[in-house]
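Take a look at the structure below.
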Amino acid sequence: MPNLLVINSSSAGEQSVSRQLVAAAVATVQRADPGVAVVRRELGDDPVPHLVRDTLAGVRGVASTPAEHAARALSDTLIAELRAADTVIIGAPMYNFSLPTTLRAWLDHVIRAGETFSYSEAGPKGLLEGKRVIVIESRGGLYSEGPGQIADFQEPYLRHLLGFIGLTDVTFVHAEKIGFGPEARAAAIEGAEARLAEILGKGLVAA
Ligand SMILES: Cc1cc2nc3c(=O)[nH]c(=O)nc-3n(C[C@H](O)[C@H](O)[C@H](O)COP(=O)(O)O)c2cc1C
């Protein structure tokens with residue numbers, strides 16, 4: 001039975017375009033693979049905390065205080081969810097030309113030395129293998145072509161972070177020009193839904 005990890009990072013609740021597209025993607029997968037096991041993280045509703053002075057050592061050091069142990073336990077849980085997944089679907093809005101901090105806080109907990117990456121004389125090595133990732137990016141403007149491309153600090157950054165931990169099979173699906181009016185918004189959603197049906201219509205195993 002395939003395992004699917006679903007991560008939403010929009011803070012816009014039911015108004016969120018990426019959440020709507022993630023839901024469509026999951027429904028497509030479930031139609032093709034009714035037995036798929038789905039684990040969800042709704043980061044916009046139930047955020048992973050920022051790493052702060054009280055918690056940092058739990059993830060990037062040696063945990064000794066209760067707060068540090070709690071941060072480490074959360075990091076362990078999030079990494080276990082990621083390891084168990086065959087496929088990961090991430091809803092990633094563009095916020096200020098990059099990732100929402102909700103997604104960044106999740107990444108801060110799963111990018112962990114000795115667990116998801118290692119360093120050797122040969123350089124860094126990602127420790128996750130054999131997973132497929134689909135990232136659905138909703139954006140107010142247009143960044144996949146034209147003059148806006150130079151301001152896309154979202155996709156190259158996320159591609160690098162995922163690759164750093166061994167997630168190299170990544171497909172990006174765009175819903176752009178969401179802020180250009182209702183027609184542009186509807187066309188973007190329709191285009192992204194069609195692309196998701198193309199990618200996931202045969203299910204996760206066949207994909
Ligand atoms: C805090 C915030 C920052 C944003 N920054 C950008 C931006 O830098 N560039 C852009 O094109 N759109 C930006 N937008 C618009 C969103 O990318 C757009 O509304 C998108 O649909 C959000 O995804 P969602 O609908 O899944 O929440 C921003 C929206 C918010 C709420």
Side-chain angles (χ1 to χ4, degrees), residues 4-31 36 38-52 78 81-82 85 87-111 131-163 167 170-201 204:
L4 174 63
L5 175 60
V6 175
I7 296 165
N8 274 307
S9 62
S10 170
S11 299
E14 300 314 314
Q15 304 306 314
S16 159
V17 170
S18 59
R19 181 188 293 260
Q20 176 183 332
L21 291 169
V22 166
V26 174
T28 301
V29 169
Q30 285 174 323
R31 270 194 300 278
V36 65
V38 183
V39 170
R40 293 172 192 274
R41 280 280 160 189
E42 297 291 341
L43 302 176
D45 300 337
D46 185 13
V48 170
H50 285 156
L51 290 177
V52 293
L78 298 174
E81 289 173 0
L82 190 50
T87 302
V88 184
I89 297 179
I90 301 175
M94 178 184 271
Y95 282 0
N96 294 321
F97 306 100
S98 186
L99 309 179
T101 54
T102 49
L103 185 55
R104 182 50 207 278
W106 178 83
L107 286 159
D108 285 346
H109 281 71
V110 300
I111 300 177
K131 299 181 193 307
R132 185 168 189 228
V133 183
I134 292 144
V135 181
I136 300 170
E137 292 176 333
S138 47
R139 297 149 158 203
L142 178 64
Y143 301 87
S144 61
E145 57 184 86
Q149 265 181 319
I150 197 170
D152 181 3
F153 301 100
Q154 178 192 29
E155 186 165 317
Y157 180 45
L158 188 51
R159 187 186 291 284
H160 184 79
L161 290 175
L162 295 172
L167 301 174
V170 185
T171 306
F172 288 90
V173 175
H174 301 126
E176 299 189 290
K177 302 206 281 188
I178 296 301
F180 284 33
E183 277 177 30
R185 178 189 167 101
I189 293 172
E190 196 181 320
E193 281 175 348
R195 180 79 183 113
L196 289 167
E198 205 176 276
I199 297 169
L200 295 169
L204 298 184

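In listed order, ligands and their atoms are each counted from 1.
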request  = Measure from atom 5 (N) of ligand 1 to every heavy atom in T101, D152, N96 and give the option owning the shortest one.
outcome  = N96
ask   = Taking atom CD of E190 as the centre, does the number of heavy atoms from other residues, nucleotides or ligands within less than 6.0 Å exceed 12?
value = no
inquiry  = Is the shortest side-chain heavy-atom distance between S9 and W106 below 4.5 Å?
reply    = no
inquiry  = With a 4.5 Å cut-off on side-chain heavy atoms, are Y143 and M94 touching?
reply    = yes
inquiry  = Out of F153, F180, Y143, who is nearest to atom 10 (C) of ligand 1 when you count heavy atoms only?
reply    = Y143
message = Is the shortest side-chain heavy-atom distance between L4 and L204 below 4.5 Å?
response = yes
query = Is there side-chain contact between L99 and L161, with heavy atoms separated by less than 4.5 Å?
reply = yes
inquiry  = Return the closest protein heavy atom for atom 17 (O) of ligand 1 as residue, atom name and distance.
reply    = M94 O, 2.7 Å
query = Quick one: does L21's side chain get under 4.5 Å of E193's, heavy atoms only?
reply = yes
request  = From atom 22 (C) of ligand 1, work out which of G148, A175, P93 has a heavy atom at the shortest distance.
outcome  = P93
query = ligand 1 versus V17, non-hydrogen atoms closer than 4.0 Å: side chain, backbone, both, neither?
reply = both
query = What is the nearest protein non-hydrogen atom to atom 23 (O) of ligand 1, stated with its residue, atom name and distance?
reply = S138 OG, 2.7 Å
ask   = What protein heavy atom sits nearest atom 31 (C) of ligand 1, and how far off is it?
value = Y95 CE1, 3.6 Å
query = Is there a donor-acceptor pair under 3.5 Å between the side chain of Q154 and the backbone N or O of P93?
reply = yes
query = Is there a nitrogen or oxygen of I178 sitting under 3.5 Å from a nitrogen or oxygen of ligand 1?
reply = no
remark   = Here the atoms of ligand 1 under 4.0 Å from any heavy atom belonging to S10 are 24 (P), 26 (O), 27 (O)
query = Can you list the ligand 1 atoms lying under 4.0 Å from a non-hydrogen atom of G141?
reply = 10 (C), 11 (O)
key: Nearest atoms (heavy-atom pairs only) where S18 meets A92   = CB-N, 4.2 Å
request  = For atom 8 (O) of ligand 1, grab the closest protein heavy atom and report residue, atom and distance to one decimal in Å.
outcome  = F97 N, 2.8 Å
request  = Using a strict 4.0 Å cut-off to heavy atoms of A12, name the atoms of ligand 1 that fall inside it.
outcome  = 27 (O)
inquiry  = Does any N or O of ligand 1 fall below 3.5 Å from an N or O anywhere on G140, backbone included?
reply    = yes
key: Where ligand 1 meets R139 - atom numbers and elements under 4.0 angstrom, heavy-atom basis   = 17 (O)
key: Nearest non-hydrogen protein atom, atom 26 (O) of ligand 1   = S18 OG, 2.5 Å
message = Counting only nitrogen or oxygen atoms and a 3.5 angstrom limit, does Q15 reach ligand 1?
response = no
query = Does a salt bridge link D45 with R19, judged by any charged N lying under 4.0 Å from a carboxylate O?
reply = yes
query = Do you know which of I89, V29, I136 makes side chain to side chain contact (heavy atoms under 4.5 Å, CB included) with L196?
reply = I136
